[in-house]
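Taking it in order: structure first as structure tokens, then the write-up.
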Amino acid sequence: MNWANESSPKEFILLGFSDRAWLQMPLFVVLLISYTITMFGNVSIMMVCILDPKLHTPMYFFLTNLSILDLCYTTTTVPHMLVNIGYNKKTISYAGCVAQLIIFLALGATECLLLAVMSFDRYVAVCRPLHCVVIMNYWFCLRMAAFSWFTGFSNSVLQSSLTLNMPRCGHQEVDHFFCEVPALLKLSCADTKPIEAELFFFSVLILLIPVTSILISYGFIAQAVLKIRSAKGRRKAFGTCGSHMVVVSLFYGTAIYMYLQPPSSTSKDWGKMVSLFYGIITPMLNPLIYSLRNKDMKEAFKRVMPRIFFCKK
């Protein structure tokens with residue numbers, strides 16, 4: 001696998017919104033606030049899920065994985081973006097760009113699969129409650145989480161190698177905030193259609209198959225919930241599953257827009273905004289959605305947070 005070809009520059013210039021100087025400070029403030037909320041929110045969810053025994057269930061095991069993933073996801077791009085904007089420095093080394101591309105793509109693919117696994121867990125909990133403990137046992141959950149992470153990174157290595165091996169003829173200006181597949185493909189001085197076709201195939205596997213399984217799972221869940229006679233029971237089921245569906249809609253909607261169309265057809269400014277949304281805003285919103293819409297999580301916060309900040313037992 002040849003990560004660098006003869007036309008690879010030693011560094012890339014990340015243009016971002018450099019042609020709109022008035023946007024630099026507002027963008028810096030938004031990124032800083034979003035990153036702070038993302039860090040605090042996801043670390044809080046991880047600590048609560050780990051420290052509260054009542055949350056030692058498959059749903060919160062996968063939620064902990066999602067929080068870890070979101071922390072890494074934003075840390076891959078946001079700190080470097082803040083430095084670039086704050087110091088008016090627009091460059092990233094070739095090695096840094098490769099690392100950013102691989103990690104960002106790997107974590108995005110892992111999140112696609114993890115959200116599908118979480119929907120299956122909700123299906124079992126709602127539609128097969130008597131078999132839930134047997135089906136969603138500890139080792140099965142561990143294997144499903146490991147499968148998501150392994151497949152995500154394997155997909156990233158394949159897509160990254162295809163992207164990075166395209167000849168660039170010395171082009172080094174990336175019209176984006178960070179190194180991402182659609183932006184890097186636009187640097188190529190060769191015909192990208194064959195590579196775009198291969199990348200589209202991998203994107204279909206990683207995006208459309210999981211989202212299809214999610215829709216099927218929630219179709220069965222909706223049928224089961226509508227059969228519940230108790231209004232309170234229906235509200236609880238919809239409340240728990242509703243949080244997950246909001247996260248799925250936010251993440252998949254923007255990711256499908258970016259990766260299931262040719263890079264050449266994407267408006268450059270709109271593509272940047274969409275990338276910022278699913279790469280930064282969505283990880284920030286995830287802990288808020290799960291904590292504000294989930295009664296069990298809110299009660300766990302009340303039990304655990306005083307122990308953490310005030311050393312209360």
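No experiment lies behind these values; they were computed from the predicted model shown. Numbering of residues begins at 1 and proceeds along the displayed sequence.
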Original post:
When hydrophobic residues are tied together by side-chain contacts of less than 4.5 Å, even through go-betweens, does Phe120 share a cluster with Leu208?
Top reply: yes
Subject >> For Gly152 against Thr110, the heavy-atom pair lying closest together >> reply: CA-OG1, 3.5 Å
**OP:** Flag the pair Leu63 / Leu66 as yes when at least one side-chain heavy-atom distance between them is below 4.5 Å, and no otherwise.
**Re:** yes
Original post:
Would you find a donor on one side and an acceptor on the other, under 3.5 Å apart, between the side chain of Gln100 and the backbone of Thr76?
Top reply: yes
Original post:
Can you check whether Tyr123's main-chain N or O pairs, donor with acceptor, with Ser217's side chain at less than 3.5 Å?
Top reply: no
Subject >> Where Leu82 and Leu31 come nearest, the two heavy atoms and their spacing >> reply: CD2-CB, 3.7 Å
Original post:
Does Leu158 offer a backbone N or O that forms a donor-acceptor pair with the side chain of Ser161 under 3.5 Å?
Top reply: yes
Original post:
Side-chain contact, heavy-atom cut-off 4.5 Å: Phe251 with Asn286?
Top reply: no
Original post:
Is the side chain of Thr91 donor-acceptor paired with the backbone N or O of Ile13 at a distance under 3.5 Å, no angle test?
Top reply: no
Subject >> Sub-4.5 Å side-chain heavy-atom contact between Ile92 and Asn84 >> reply: no
Subject >> From Asp175 atom CG to Glu173 atom CD, the distance as rounded to the nearest 0.5 Å >> reply: 8.5 Å
Original post:
Where is the tightest heavy-atom contact between Met46 and Ser67, given as atom of each residue plus distance?
Top reply: CG-CB, 3.5 Å
**OP:** Say whether, by atom type as modelled, one donor and one acceptor occur between the side chain of Asn42 and the main chain of Thr38 under 3.5 angstrom.
**Re:** yes
Original post:
Less than 4.5 Å apart, any side-chain heavy atom of Phe62 and any of Leu115?
Top reply: no
Original post:
How far does OG1 of Thr64 sit from OH of Tyr60, to the nearest 0.5 angstrom?
Top reply: 10.5 Å
Original post:
CG of Leu250 to CD1 of Ile281: how many Å apart, nearest 0.5 Å?
Top reply: 10.5 Å
Original post:
What is the distance from atom CZ of Phe153 to atom OG of Ser148, rounded to the nearest 0.5 Å?
Top reply: 12.0 Å
**OP:** Working to the nearest 0.5 Å, report the span between OG1 of Thr163 and CD of Glu180.
**Re:** 10.5 Å
Subject >> Side chain Ser119, main chain Ala116, donor-acceptor under 3.5 Å >> reply: yes
**OP:** Taking the side chain as every heavy atom from C-beta outward, state whether Ser203 and Gln159 have any pair of such atoms under 4.5 Å apart.
**Re:** yes
Original post:
Do Leu288 and Ile280 share a hydrophobic cluster (ILVMFWY, side-chain heavy atoms under 4.5 Å, transitive)?
Top reply: yes
Original post:
Using the ring of each side chain (for Trp, its six-membered ring), is Tyr73 parallel, tilted or perpendicular to Phe104, with breaks at 30° and 60°?
Top reply: parallel
Original post:
Is the side chain of Thr74 donor-acceptor paired with the backbone N or O of Asp70 at a distance under 3.5 Å, no angle test?
Top reply: yes
Original post:
How far apart are the C-alpha atoms of Ile33 and Phe28, what are their side-chain angles, what is the distance that settles it, and do they pass the side chain to side chain contact (heavy atoms under 4.5 Å, CB included) test?
Top reply: CA-CA 9 Å; Ile33 293 173; Phe28 181 87; over 6 Å; no
Original post:
Looking at side-chain heavy atoms only, is the closest gap between Leu207 and Val211 below 4.5 Å?
Top reply: no
Subject >> Derivation and outcome, side chain to side chain contact (heavy atoms under 4.5 Å, CB included), residues Lys90 and Leu15 >> reply: CA-CA 7 Å; Lys90 306 299 180 185; Leu15 298 179; over 6 Å; no
**OP:** Please answer: with hydrophobic residues joined when any side-chain heavy atoms are less than 4.5 Å apart, are Met59 and Leu142 in the same cluster?
**Re:** yes
Original post:
Distance from Tyr138 atom OH to Arg143 atom CZ, nearest 0.5 Å?
Top reply: 11.5 Å
Original post:
With the threshold set at 4.0 Å, does a side-chain nitrogen-carboxylate oxygen contact exist between Asp52 and Arg303?
Top reply: yes
**OP:** Report the C-alpha distance between Leu184 and Cys179 in whole Å, list the side-chain angles of each, state the deciding distance to 0.1 Å, and finish with yes or no for side chain to side chain contact (heavy atoms under 4.5 Å, CB included).
**Re:** CA-CA 7 Å; Leu184 290 175; Cys179 294; 4.2 Å; yes
**OP:** Would you confirm whether Tyr35, through its side chain, and Pro79, through its main-chain N or O, come within 3.5 Å as a donor-acceptor pair?
**Re:** no
Original post:
Minimum heavy-atom separation for Val124 to Cys132, with atom names?
Top reply: CG1-CA, 3.7 Å
Subject >> Side-chain heavy-atom pair Trp149, Leu107 within 4.5 angstrom cut-off >> reply: yes
Original post:
Closest approach of Cys141 and Phe61, non-hydrogen atoms and distance?
Top reply: O-CE2, 3.5 Å
**OP:** Locate the shortest heavy-atom distance separating Leu162 from Met166; write the atom from each residue and the value.
**Re:** O-CG, 3.5 Å
Subject >> same_hphob_cluster(Val204, Leu105) at 4.5 Å side-chain heavy-atom cutoff >> reply: yes
Original post:
Is the backbone N or O of Ile50 less than 3.5 Å from a side-chain atom of His56, with the two atoms forming a donor-acceptor pair by type?
Top reply: yes
Subject >> Worked check of side chain to side chain contact (heavy atoms under 4.5 Å, CB included) between Met297 and Leu55 >> reply: CA-CA 8 Å; Met297 182 62 73; Leu55 298 186; 4.2 Å; yes
Original post:
When hydrophobic residues are tied together by side-chain contacts of less than 4.5 Å, even through go-betweens, does Leu32 share a cluster with Val30?
Top reply: no
Original post:
Is there a side-chain contact between Phe177 and Leu276, using heavy atoms and a 4.5 Å cut-off?
Top reply: yes
Subject >> Asn137 side chain vs Val134 backbone, donor-acceptor pair below 3.5 Å >> reply: yes
